[in-house]
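Just so we're on the same page: letters track the sequence lines, and every chain starts at 1.
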2 protein chains.
Amino acid sequence: MATEQHHGDGEVAELSAILGVDAGTLLEPAVARAWIALLTAYGRLTRALSSELMDSSGMSLADFDVMAQLARVEGHSLRMTELADVALISKSGLTRRVDRLAINGWVTRRRCTEDGRVHWATLTPLGIKAFRNAAPAHLRAVAQRFGASLPAREMEQLTSGLRKIAAANAERVREGA
Amino acid sequence: MATEQHHGDGEVAELSAILGVDAGTLLEPAVARAWIALLTAYGRLTRALSSELMDSSGMSLADFDVMAQLARVEGHSLRMTELADVALISKSGLTRRVDRLAINGWVTRRRCTEDGRVHWATLTPLGIKAFRNAAPAHLRAVAQRFGASLPAREMEQLTSGLRKIAAANAERVREGA
DNA sequence: GGGATATAGTTGCATCCGCAACTATCCCGA
DNA sequence: TCGGGATAGTTGCGGATGCAACTATATCCC
């Protein structure tokens, strides 16, 4: 479903022939185009931004994400589960990511004294320095590759649309009509 | 940068304190919100769709993508490089993906007689059957999770915006002003 | 108090990915 | 015809992911 702009009529017909029904009845063409555009835009952006960030700071996009989440909050600390949540990765993924960040000396993990199950991940001074060093170039890259592609009005529309989609897919699967 | 809607002013201030400059000068807040919305929407959609597809058809999202690309074209065949291109994955990734699809009997790989460097990946009758079996549920899931989230007008705007972003990031890095 | 249950986090395992290096093939010019 | 260079594809390798199972801790209820 990641096709770009080459959507000839013959191809749609070909697809419908395989499916045994008109492809449009299963997924409206306009929705299909939007879905392909989402996959394409996301893929190109993350690929470019990730390699630029790695080159300039030796940090993966996921590393940056996690550190940015910690940088945002007071005390620069979050519980593991909460951090996994906001960074959009699995708990196991976060465990290992924090392992690596800890090896770099960018983050520490310490057990909560009040609830022994909980562990707090905290940005270290060294981590803050690394983040401060990496952030400007990365944020500017986002501004250039993503922000500069659209005028303000369209950017707002994009945000609005994407938020509705995210909201409709929050949490668990819901029974559709 | 994947934060959801909880963007308290205190958090922005906290971030600016770390960066040593107002975060807004590096990345406009409106752009930051859009970027976060994109990451969130993409993450939730692909996670949900991928697990649904795996459950219903034992096929990964990437498998489906590749097979859909082959299904779309006449002869149900594409050259490896071209297929990697439209499926948005690396050449090495495609090599191994086609390996797996071939093990399932869904795709064959055959050397081009005219140019020995070229290999054609072709959907087999069994692969067509598997795709026909998997597609309706998946396309309906896309329609429901993605399509049903937005009215037609906004879907068009979304497509337009995403395409501009994709176009601005086509191919190689370009020198920004 | 003590065991059933729930929650937080980690680990085993299988999988998947991309980059860089490598092989195979083709093409072009001398 | 031969050698250099371009192109297509594969493989070695290191790294990252998620799910399910597991450990550790807390809580609830009798």
### Query
Between residues 100-119 of chain B and DNA chain D, which residues have a heavy-atom gap below 4.0 Å?
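Contacts with DNA chain D under 4.0 Å: B:R109, B:R117, B:V118, B:H119.
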
### Message
Distance check, rounded to the nearest 0.5 Å: A:E14 atom CD versus B:H76 atom NE2?
### Response
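If I round to the nearest 0.5 Å, the distance is 4.0 Å.
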
### Donor-acceptor contact below 3.5 Å, side chain A:T40 vs main chain B:A166
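Side chain of A:T40 to backbone of B:A166: no pair is present.
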
### Electrostatic pair A:R109:A:D99 at N-O distance under 4.0 angstrom
yes

[X] [atom1] to [N] [atom2], straight-line distance once rounded to whole Å:
X: B:D55; N: D:dG18; atom1: CG; atom2: P; result: 16 Å
X: A:M59; N: D:dG15; atom1: CE; atom2: P; result: 17 Å
X: B:M54; N: C:dC16; atom1: CE; atom2: C1'; result: 11 Å
X: B:R47; N: D:dC19; atom1: CZ; atom2: C1'; result: 12 Å
X: A:L53; N: D:dA16; atom1: CG; atom2: P; result: 13 Å
X: A:D85; N: C:dT7; atom1: CG; atom2: P; result: 14 Å
X: B:L83; N: D:dT10; atom1: CG; atom2: P; result: 11 Å
X: B:K91; N: D:dT7; atom1: NZ; atom2: P; result: 10 Å

Any side-chain heavy-atom pair of [X] and [Y] under 4.5 Å:
X: B:L19; Y: B:L26; result: yes
X: A:S149; Y: A:E154; result: no
X: A:T122; Y: A:L70; result: no
X: B:R33; Y: A:R163; result: yes

### Task
Indicate the ring-plane relationship of B:W35 and A:F146, choosing parallel, tilted or perpendicular according to the 30° and 60° boundaries.
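Judged by the thresholds at 30° and 60°, the geometry between B:W35 and A:F146 is tilted.
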
### Query
Under 3.5 Å, is there a donor-acceptor pair linking the side chains of A:T25 and A:D22?
no

### Query
Does any residue of residues 92-99 of chain B have a heavy atom under 4.0 Å from DNA chain C, and if so, which ones, in number order?
B:S92, B:G93, B:R96, B:R97

